[in-house]
Amino acid sequence: MKNVFLTAGLIVMTYTSVYAQEERTPMYLDDTQPIELRIQDALKRMTLEEKTRLSYAQGKFSSPGCPRLGIPELWMSDGPHGVRAEINWNDWGYAGWLNDSCTAFPALTCLAATWNTALSADYGKAIGEEAVYRGKDVLLGPGVNIYRTPLNGRNFEYLGEDPYLASELCVPYIEGVQKNGVAACVKHYALNNQELWRGHIDVELSDRALREIYLPAFKAAVERGHVWSIMGAYNKVRGTHATHNKLLNNDILKGEWNFDGCVITDWGAAHDTYEAAMYGLDIEMGSYTNGLTSESEFGFDDYYLGKNYLKMVKEGKIPMDVVDEKASRVLRLIFRTAMNRRKPFGAMTNEHHYQTAYNVATEGIVLLKNKELKKGQVLLPIDAGRYKKILVVGDNAVRNLIVGGGSSDLKPKYVSTPLDALIEQFGEKIEFAQGYMAGQPMYGSEEVISEAVVDSLRNEAVAKARNADLILFIGGLNKNHFQDCEGGDRKSFNLPFGQDELINNLLEVNNNMIVVIVSGNAVEMPWENKIPSIVQSWYLGSMGGVALRDVLTGKVNPSGKLPFSYPAKLEDCPAHYFGEMSYPGDSVKQEYKEDILVGYRWYDTKKIKPLYPFGHGMSYTTFSYSKPVISSDVVGNNNSVRIAVKVKNTGTVKGKETIQLYIGDEKCSLLRPKKELKGFCKVELEPQEEKIVTFNIDANALKFFDDVKQKWVAEPGKFKAYIAASSNDIRGVVELEYK
Ligand code: BGC
């Protein structure tokens with residue numbers, strides 16, 4: 001009995017002391033004061049319960065702040081291609097609001113294909129404006145996981161296979177978002193390179209692959225983009241879940257990179273209270289769900305950082321400075337976002353946002369092939385005056401490709417489809433045949449389409465093709481499960497829904513055909529040598545139809561370049577070359593056996609010819625490159641050299657070209673890729689105009705990660721700098737030496 005009184009007495013005393021403190025310092029430090037002082041001020045006022053309560057969700061997309069002190073909630077939203085529609089408080093259903101539609105921006109693969117950092121800044125600013133208008137504090141994007149296999153269901157949300165390209169493009173996006181007082185949340189840290197078994201697959205890889213390939217974009221997001229939050233991935237890394245992983249969070253992210261923001265779990269990615277507390281997790285979201293569809297009976301206090309965390313702190317199993325540090329990070333995020341009284345108003349679905357979406361879409365589309373039929377005659381750009389009937393074939397000409405795909409699903413206010421846009425311009429010249437049936441987005445299964453439907457759609461398309469002057473095939477993948485969609489990988493490299501057969505059948509009656517692939521991944525093209533013109537389009541967002549039409553018709557000259565290599569066959573792809581343990585693993589473990597040789601690093605080094613190389617993309621004009629000139633051929637630790645090259649538009653229409661700089665180490669004590677991207681520059685040129693493009697090369701561009709010394713090292717000796725139009729189209733080489 002005595003004990004009970006004593007405990008009750010202590011509780012009363014705790015509350016008395018909190019309120020007593022309140023009276024002594026009644027005013028908060030306002031926002032004229034440095035954030036760090038305000039954090040300390042807030043912490044002093046908070047109870048242990050309030051501090052720990054900051055670290056887990058109160059609903060599907062929010063965490064509670066501290067209501068007693070008026071510290072507001074944090075509201076989060078997907079990401080990364082637009083601000084997602086409102087979701088119910090505690091289930092995955094959409095809330096059915098009428099004011100939550102958005103501008104759908106092109107998928108991040110398209111942004112990567114623009115190779116345009118200024119466009120990335122526009123993209124970030126525009127999406128950030130929509131987020132702040134919608135009352136969001138954290139935008140769950142961008143995704144920067146490296147494209148390791150074309151089967152990964154989520155590559156469309158990422159920035160391609162090269163760490164340098166992904167780094168350069170994610171930084172302006174993050175800065176653009178955060179200008180609005182909205183945190184970007186770079187995801188999924190780290191090594192979530194496949195969706196199959198994403199919740200538990202344990203990734204084993206070398207330190208070099210980790211540092212040289214998979215971490216640089218995250219590092220750039222933190223050190224250069226100053227990102228305010230980062231999302232821990234679902235998978236395990238070297239035995240421990242990534243979201244509470246000592247190596248990733250404590251040692252690298254918060255240790256080496258000095259990250260001062262919050263690590264937020266992916267939804268349901270936490271698995272252990274002690275690890276979550278000790279190994280760097282700051283906010284836990286979505287526990288006991290799969291982040292997409294499954295719910296459970298557990299309440300929020302049952303989260304790993306919920307009551308069990310509080311209990312372990314009280315028992316002395318988790319030190320108080322861990323609690324204070326976590327709470328400080330969450331408070332810092334709240335002060336930067338929800339409690340930031342100086343953020344701009346934001347803006348919703350305005351003309352500027354649609355223009356940004358259009359610019360990214362048109363600049364990202366890649367012209368893969370445009371072979372001459374006769375001297376000087378190509379199918380692209382479409383010269384409509386030459387044709388009486390243009391037959392558009394394919395489900396992706398009419399499908400809304402903004403819905404589906406998992407958490408990046410959006411409710412766009414406006415969508416333009418390619419067929420609508422083409423009819424708008426060419427009216428009755430355009431005829432349409434769906435050609436194949438692609439089914440509806442569903443999780444966990446695929447719609448079965450009857451043979452009769454398949455045959456009748458195909459027959460209709462083939463019949464119409466006989467009488468058409470030109471066929472424009474618009475197919476590819478879509479956002480259904482097991483296509484470009486979260487929660488599963490593609491089951492094969494081929495085009496789905498019988499499209500390969502359909503293309504062959506169409507070719508038998510009419511080979512005046514352009515193929516447009518809409519996807520976020522490379523696909524197998526067994527008919528490639530029979531098709532004169534091929535375009536890689538992406539999920540282009542709200543302005544997709546108009547953008548694709550304008551590129552196909554030459555209103556906009558294509559300037560996109562592939563952000564990943566297109567292998568001729570799946571077995572050529574490095575992740576698949578080493579068999580199942582490398583991809584997809586045995587469901588428990590996997591080992592990245594290709595090591596640092598990801599993407600073009602592999603094709604180059606192993607001399608395997610890809611169907612289309614990384615960095616490839618054609619134009620309706622041509623560009624010539626002068627011989628590159630180097631300012632000095634010696635690079636030291638304190639001096640850089642400059643390479644200059646003159647690029648000229650030698651054709652008759654205005655165009656943009658991305659000039660790429662790759663560096664190769666001629667001799668090294670360990671294996672290095674033949675060459676690696678270390679610079680790029682996109683220029684616009686009028687016909688006959690020329691511009692000088694320059695690149696600086698310093699010692700950093702020559703380094704590899706030495707896993708014995710655990711640091712970045714450049715070995716003295718000879719290097720080559722390649723000036724290129726793609727990883728396989730080298731226009732000039734200069735030698736240099738590192739001393
Ligand atoms: C996804 C994240 C997403 C989160 C919230 C998860 O399923 O992996 O990328 O941000 O859900 O929707």
Side-chain angles (χ1 to χ4, degrees), residues 56-63 74-95 100 102 107-109 127 131 134 136-145 152-159 170 173 177 182-201 218 221 227 229-236 241-243 262-271 281 283-296 303 403-411 441 443-444 479 481 484-489 520:
Y56 62 100
Q58 60 170 4
K60 277 274 184 284
F61 281 91
S62 69
S63 65
L74 270 176
W75 276 89
M76 312 180 189
S77 173
D78 288 301
H81 309 138
V83 184
R84 194 178 181 186
E86 298 301 323
I87 288 179
N88 289 335
W89 189 270
N90 195 25
D91 68 59
W92 290 115
Y94 281 107
D100 58 352
C102 66
L108 290 195
T109 28
I127 196 173
R134 287 266 307 277
K136 304 301 176 195
D137 306 304
V138 181
L139 180 83
L140 304 172
V144 301
N145 295 90
N152 178 17
R154 260 188 124 171
N155 279 336
F156 71 101
E157 292 187 63
Y158 303 142
L159 291 164
C170 78
Y173 177 116
V177 170
V182 172
C185 183
V186 64
K187 64 194 191 182
H188 305 91
Y189 184 67
L191 299 156
N192 183 183
N193 302 108
Q194 67 190 48
E195 288 296 290
L196 183 58
W197 305 317
R198 69 173 178 176
H200 59 266
I201 192 79
F218 291 103
V227 74
S229 64
I230 194 165
M231 186 186 291
Y234 281 122
N235 48 284
K236 289 182 174 174
H241 277 98
T243 206
C262 279
V263 175
I264 302 175
T265 52
D266 200 338
W267 270 232
H271 294 274
L281 180 62
I283 302 181
E284 180 185 355
M285 301 298 295
S287 291
Y288 313 111
T289 77
N290 67 356
L292 274 176
T293 48
S294 73
E295 319 288 350
S296 75
Y303 276 28
V403 298
S407 59
S408 62
D409 170 77
L410 294 173
K411 177 166 139 192
Y443 285 111
K479 300 280 191 70
H481 203 195
D484 282 325
C485 180
E486 181 181 338
D489 282 353

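We count ligands from 1, going down the list as the structure has it; atoms in each ligand are counted the same way. We count residues from 1, following the sequence as given.
- Near ligand 1, F61, D78, R84, L140, R154, K187, H188, R198, M231, Y234, D266, W267, G291, S407, E486 each place a heavy atom less than 4.0 angstrom from the ligand.
- Residue pairs satisfying the salt bridge (charged side-chain N to carboxylate O under 4.0 Å, His left out) criterion with at least one member in residues 190-200, sequence neighbours excluded, are listed as follows: E195-R198, R198-E486.
- By the salt bridge (Lys or Arg N to Asp or Glu O under 4.0 Å) test, D489 is found to be paired with no residue, residues two or more places apart in sequence or in another chain being considered.
- Checking side-chain atoms of S229 against main-chain N and O of A184 turns up a donor-acceptor pair under 3.5 Å.
- Between the side chains of Y443 and N290, no donor-acceptor pair is found at a separation under 3.5 Å.
- Taking Y56 as the reference, nothing meets the ring pair (Phe, Tyr, Trp, His ring centres under 6.0 Å) condition, with sequence neighbours excluded.
- Ion pair K411/D100 flagged as a salt bridge, since at least one NZ, NE, NH1 or NH2 atom sits closer than 4.0 Å to an Asp/Glu carboxylate oxygen.
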